[in-house]
Amino acid sequence: MEVIETRAQLKQWRGKVHGSVGFVPTMGALHEGHLSLVRRSLAENPWTVVSIFVNPRQFGPQEDYHRYPRTLETDLRLLQNLGVSASFVPSVEEMYSSEDEAYISLTRLSRLWCGSYRLGHFDGVALVLTKLFHLVMPARAYFGEKDFQQVRIVEKMVEELFFPLEVVRVPTVREPDGLAMSSRNMYLSPSGRAQAIALYKVLQYIQTLVPKTGLVSDLLREGEAYLRERFPEVRLEYLAIVDEYSLQPIEHLRQSSHPRALIAAYVEGVRLIDNLPLIYPEESE
Ligand code: AMP
């Protein structure tokens, strides 16, 4: 595996390869969730590039940019063992200059849900991905459904800005108890780790109610009560049921062919997210 640190080296490497390049952008601290994206890319492309870059532009001033876990050596070993062709590990200076002016924003999708709490977060994501897509020139780019709003934003950006690549969605990889894998899970103490299961549990609980009611206000009220009673230490940021294409809230599950529940919550001050498609049986009322 080539470990590439500069745009110039990447350009040189990219000029030499023929056939489709699969691209997996990450912020490192790799776990099985990331690796499932990498495996999918390796299966679908003769070349796979994985970037590891903790992107300062997608963190707010009060967020965890400085303490975000950085485990580069282990990450590179994992990627090498999987058979990745090249990793791109640029410095901040390689990606941004103090003279930069460009700003990319999806005015609607980026301001909903996580975007309304993490102001500018998705603009930072869109900017770094635009830069990375131009450098890597992938045929396919792989994103996890764990960050569901992110994958929708990337799909919309790629479509609207005519990026010549396909966005591939990869299902969420979970721990055996259902907790969605995340680099931020490393911050949790054993008792926080036990509380963190709340996010998946409440999503599952909502799914169990669906055969009884498709009315979203009922589902959300019951879900919030479940969280308060079973997981009083978890601080809910939002729980929503949306159409998974537009990410707009719906009032009844039958309003959407693909309803999905989204959640963001704090456990021991660590912000966690998860989501689950809701299966609404035709005969339900
Ligand atoms: P990150 O390093 O957090 O920016 O994530 C890099 C990519 O890995 C994103 O496309 C994430 O959606 C994806 N990812 C992170 N955790 C998981 C997971 N548990 N399952 C599937 N994909 C994931």
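We count ligands from 1, going down the list as the structure has it; atoms in each ligand are counted the same way. This one's a predicted model, so the numbers in the text were calculated from it and none came from an experiment.
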Result for side-chain hydrogen bond (donor to acceptor under 3.5 Å, both in side chains) between Glu244 and one of Arg260, His258, Gln149 points to Arg260
shortest atom 4 (O) of ligand 1-to-protein heavy-atom contact is with Met27 CG, 3.6 Å
Across all chains, not counting sequence neighbours, the salt bridge (Lys or Arg N to Asp or Glu O under 4.0 Å) partners of Arg70 are none
Exercise. Does the distance from a Lys or Arg side-chain N to an Asp or Glu carboxylate O, for Lys131 and Asp100, drop under 4.0 Å?
Worked result: yes
A student comparing Gly144, Gly28, Pro25, Pro171 should find that the heavy atom closest to atom 10 (O) of ligand 1 comes from Gly144
I'd like to know if Arg152 and Glu155 make a salt bridge, using a cut-off of under 4.0 Å between side-chain N and carboxylate O. yes
Nearest heavy atom to atom 15 (C) of ligand 1, choosing from His31, Arg174, Arg184, Glu32, belongs to His31
- request: Could you walk me through whether Asp64 and Tyr187 pass the side chain to side chain donor-acceptor pair (under 3.5 Å) test, one step at a time?
  value: CA-CA 11 Å; Asp64 56 346; Tyr187 296 141; 2.9 Å; yes
So does Arg118 pair up with Asp123, basic N to acidic O under 4.0 Å?
-> no
A student checking ligand 1 against Thr26 at a 4.0 Å heavy-atom cut-off should list atoms 2 (O), 6 (C)
Quick note on ligand 1: atoms under 4.0 Å from a heavy atom of Leu37 include exactly 7 (C), 8 (O), 10 (O), 13 (C), 22 (N)
Atoms of ligand 1 under 4.0 Å from any heavy atom of Thr172, numbered from 1 in the order shown, are 20 (N), 21 (C)
Is the shortest N/O to N/O distance between Met181 and ligand 1 below 3.5 Å? yes
Students should find that the hydrophobic cluster of Val168, defined by side-chain heavy atoms under 4.5 Å apart, otherwise consists of Met1, Val3, Val24, Leu30, Leu35, Leu37, Val38, Leu42, Val50, Ile52, Leu72, Leu76, Leu78, Leu79, Leu82, Val84, Val89, Tyr142, Val170
Of all protein heavy atoms, the one nearest atom 5 (O) of ligand 1 is His34 NE2, 3.5 Å
Heavy-atom proximity to atom 20 (N) of ligand 1 ranks first, among Asn55, Val50, Asp147, Val173, for Val173
For Phe143, the atoms of ligand 1 under 4.0 Å from one of its heavy atoms are 10 (O)
